Amino acid sequence: GDKMPSEGEFAEKLKVGRSSVREALRALELLGMIETRRGEGTFLKDFREHSLIELLGTFILEDSKAVGDIIEMNSLLEHNALQLILKGDQERELKLLAAKLNTNSVTRYEFMKELVLLTNNYLLFRIWSVLNEYVTFVCENDQEKVYPNSNLEMLVTALLKKEHKEVLAAY
């Protein structure tokens, strides 16, 4: 949603002609990454609103090793999030999450999103969110799978008890 610099500002900063900037912006708009609003300027679009993940995925994810690396990296980020929660003081938030689990079913994505947000590390959350889009893409919507709440409750309980081994076992 952020506003981008004007063509003239880009041309000056990048030391290129305005026509080159105009072509580049037109290409980005065709990809759905930006939008131009008459009289207002050019704005970035939310990455989830366009097919960038699928587009990049077709190039990056052709290699089976890359797919495994992406899944492994996602797991590493989630493990790091759990480590940060173990070090932090999110008892109240974890109890609220446990209560939510008692009242309705939650997808794996929704649950992990809540946990990663509890780290209060915005960069970790942003990287995890983007990477998770790839994981969802390569795992054919495995992220939307609803897991038994008992498994998720075990993880929350282990986090509340600050039991490292139990957290890893529940994860």
Side-chain angles (χ1 to χ4, degrees), residues 1-5 28 31-35 41-57 59-61 63-171:
D2 291 348
K3 185 175 180 178
M4 295 177 58
L28 290 172
L31 287 171
M33 297 175 70
I34 62 171
E35 69 177 321
T42 305
F43 298 84
L44 291 172
K45 288 178 82 174
D46 187 339
F47 74 90
R48 289 173 292 262
E49 289 180 18
H50 51 76
S51 58
L52 179 63
I53 298 299
E54 289 82 0
L55 180 67
L56 290 174
F59 297 106
I60 296 171
L61 302 176
D63 176 15
S64 61
K65 177 159 175 27
V67 173
D69 289 348
I70 286 173
I71 293 169
E72 181 180 34
M73 188 63 193
N74 190 65
S75 180
L76 290 169
L77 289 173
E78 291 175 356
H79 273 96
N80 283 331
L82 295 172
Q83 296 295 332
L84 289 171
I85 294 168
L86 283 168
K87 291 179 187 175
D89 183 28
Q90 290 93 351
E91 184 177 346
R92 186 175 69 73
E93 293 88 350
L94 286 168
K95 286 181 178 176
L96 288 171
L97 184 55
K100 185 189 280 188
L101 289 171
N102 288 331
T103 58
N104 56 351
S105 59
V106 179
T107 65
R108 182 188 191 289
Y109 171 79
E110 293 167 334
F111 180 75
M112 288 311 300
K113 179 180 175 185
E114 293 282 334
L115 287 181
V116 176
L117 282 169
L118 285 181
T119 66
N120 294 317
N121 185 317
Y122 183 69
L123 182 59
L124 174 64
F125 175 71
R126 293 291 297 184
I127 293 169
W128 176 83
S129 294
V130 171
L131 195 62
N132 218 48
E133 291 280 332
Y134 282 107
V135 171
T136 301
F137 179 68
V138 298
C139 292
E140 299 174 9
N141 294 323
D142 182 54
Q143 299 297 72
E144 295 305 314
K145 183 177 173 186
V146 176
Y147 285 77
N149 281 2
S150 58
N151 293 7
L152 305 179
E153 287 169 8
M154 285 175 28
L155 181 53
V156 173
T157 301
L159 285 166
L160 282 166
K161 293 191 314 187
K162 303 272 188 204
E163 291 291 334
H164 183 266
K165 287 182 181 178
E166 286 182 38
V167 167
L168 292 179
Y171 175 77

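The structure presented is a predicted model; accordingly, all values stated were derived computationally and were not measured.
Within the 3.5 Å criterion, the main-chain N or O of F125 finds no donor-acceptor partner in the side chain of K113. A donor-acceptor pair is defined here as one N or O able to donate and one able to accept, closer than 3.5 Å; such a pair exists between the side chain of K162 and the backbone of I85.
Counting heavy atoms from C-beta on, the side chains of N132 and V116 never come closer than 4.5 Å. Contact of the Q90 side chain with the N120 side chain is registered, since non-hydrogen atoms from C-beta on lie closer than 4.5 Å. Using a 4.5 Å cut-off on side-chain heavy atoms (C-beta onward), L168 and H79 make contact. For the pair Y171 and M112, the minimum side-chain heavy-atom distance is below 4.5 Å. Within the 4.5 Å cutoff, the side chain of V167 has no heavy atoms near those of the H164 side chain.
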Run F43 and D2 through side-chain contact (heavy atoms from CB on, under 4.5 Å) and show every step you take.
CA-CA 6 Å; F43 298 84; D2 291 348; over 6 Å; no

Going through the distances and angles, do N121 and N80 end up as a side-chain contact (heavy atoms from CB on, under 4.5 Å)?
CA-CA 11 Å; N121 185 317; N80 283 331; over 6 Å; no

CA sep, side-chain torsions, deciding dist, call: V156, L160, side-chain contact (heavy atoms from CB on, under 4.5 Å):
CA-CA 6 Å; V156 173; L160 282 166; 4.1 Å; yes

side-chain contact (heavy atoms from CB on, under 4.5 Å), that's the test. Do L159 and L97 meet it? Break it down for me.
CA-CA 11 Å; L159 285 166; L97 184 55; over 6 Å; no

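W128 and Y109 have parallel rings, their planes meeting at less than 30° on a 0 to 90° scale where 60° marks the start of perpendicular.
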